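Remember, predicted model here, so these are calculated numbers, not experimental data. Sequence positions, counted from 1, serve as the residue numbers for this chain.
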Amino acid sequence: MFPLAAVIAAVGIAACGSSKKSSTATTASTQATTSALTPTSATGAALDPAFVARVNTVCARAKALLSARGHSQFPFQTFDPLHPDPKLLPRVGAYFAAVRPLNDQIPVQLASLGSPQKGQALWSSMAALAKQDRVIADRQISAAQAANAPAFVATVTELQGVAARIRSLAVQGGFSPSSPCNAIF
């Protein structure tokens, strides 16, 4: 069960954020959690290619659905997630909240794939990080809707760290740079 919906949210939100902790404390917490979620046994253990192909199919459908519903490009081109305009944040939050139902469909689709025959520890690490990402993305939406710029910025940092680790694990797992999941991870 890999909650890729969280990853989709992170990509759509990759440059955005929310938390009651300070950015430094949040970043340290995220780094510690990320390290704990990535067991040494997962390093270098690629997923079986047939499983990667099935995951890519799910990612391609998700990407197409997001695009068809107008969510392929962030609509606020001048928005700076590290220095957000509090007046714009509620609109950003509404945009992210509108994407959430689409994102929440992905974990169900991925769970139906079962577990890979090879690289189960790596896949489990990716799933744990994606679950963490979903929690952060939900806090980010709440912070944006409340126009809470400091909380929003804190989640930007958290999401960037988690998303980078997921992308690194995806490469280890056998996802190519041209994979449809590259746009999702």
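Nearest heavy atoms, L169 versus S125: CD1-CB, 3.9 Å. The nearest pair of heavy atoms linking A149 to P86 is CB-CG, 4.4 Å. Here the closest non-hydrogen pair linking Q120 and S115 is NE2-CB, 4.3 Å. Shown here for A97 and Q145, the closest heavy-atom pair between the two residues is CB-NE2, 3.5 Å. Across every non-hydrogen atom of P116 and L47, the tightest pair is CG-CD2, 3.8 Å. When all heavy atoms of V52 and G173 are compared, the pair lying nearest together is CG2-O, 3.7 Å.
Other residues, nucleotides and ligands contribute only 12 or fewer heavy atoms inside 6.0 Å of the CZ atom of R91.
Proximity of R134 to R100: side-chain heavy atoms (C-beta onward) are separated by under 4.5 Å at one or more points. Proximity of L89 to N148: side-chain heavy atoms (C-beta onward) are nowhere separated by under 4.5 Å. When side chains are defined from C-beta on, V92 does not count as touching P84, because their heavy atoms never get closer than 4.5 Å.
Rounding to the nearest 0.5 angstrom, the gap separating the CD atom in Q109 from the CZ atom in R61 is 5.5 Å.
Partners of A53 according to the side-chain contact (heavy atoms from CB on, under 4.5 Å) rule, which considers only residues two or more places apart in sequence or in another chain, do not exist here. Residues forming a side-chain contact (heavy atoms from CB on, under 4.5 Å) with D85 (at least two apart in sequence, or on another chain): K87, L88. With sequence neighbours left out, the side-chain contact (heavy atoms from CB on, under 4.5 Å) criterion links L65 to R69, L102, Q105. By the side chain to side chain donor-acceptor pair (under 3.5 Å) test, S178 is found to be paired with S176, residues two or more places apart in sequence or in another chain being considered. T57 pairs by the side chain to side chain donor-acceptor pair (under 3.5 Å) definition with nothing, not counting sequence neighbours. Qualifying side chain to side chain donor-acceptor pair (under 3.5 Å) partners for S168, counting only residues two or more places apart in sequence or in other chains: R165.
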Could you give me the CA-CA distance, side-chain angles and deciding distance for V135 and Q132, then say whether side chain to side chain contact (heavy atoms under 4.5 Å, CB included) is met? CA-CA 5 Å; V135 169; Q132 178 185 7; 5.9 Å; no
Let me see the working for I141 and Y95 under side chain to side chain contact (heavy atoms under 4.5 Å, CB included), right down to the final yes or no. CA-CA 9 Å; I141 291 168; Y95 172 80; over 6 Å; no
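Aromatic ring orientation, F51 versus W123: perpendicular (interplanar angle above 60°, classes split at 30° and 60°).
At distances below 3.5 Å, at least one donor-acceptor pair connects side-chain atoms of D48 with backbone N or O atoms of K118. S67 places no side-chain N or O within donor-acceptor distance of the main-chain N or O of K63, the cut-off being under 3.5 Å.
Clustering ILVMFWY residues whenever any of their side-chain heavy atoms sit less than 4.5 angstrom apart, transitively, puts M126 in a cluster other than the one holding V171.
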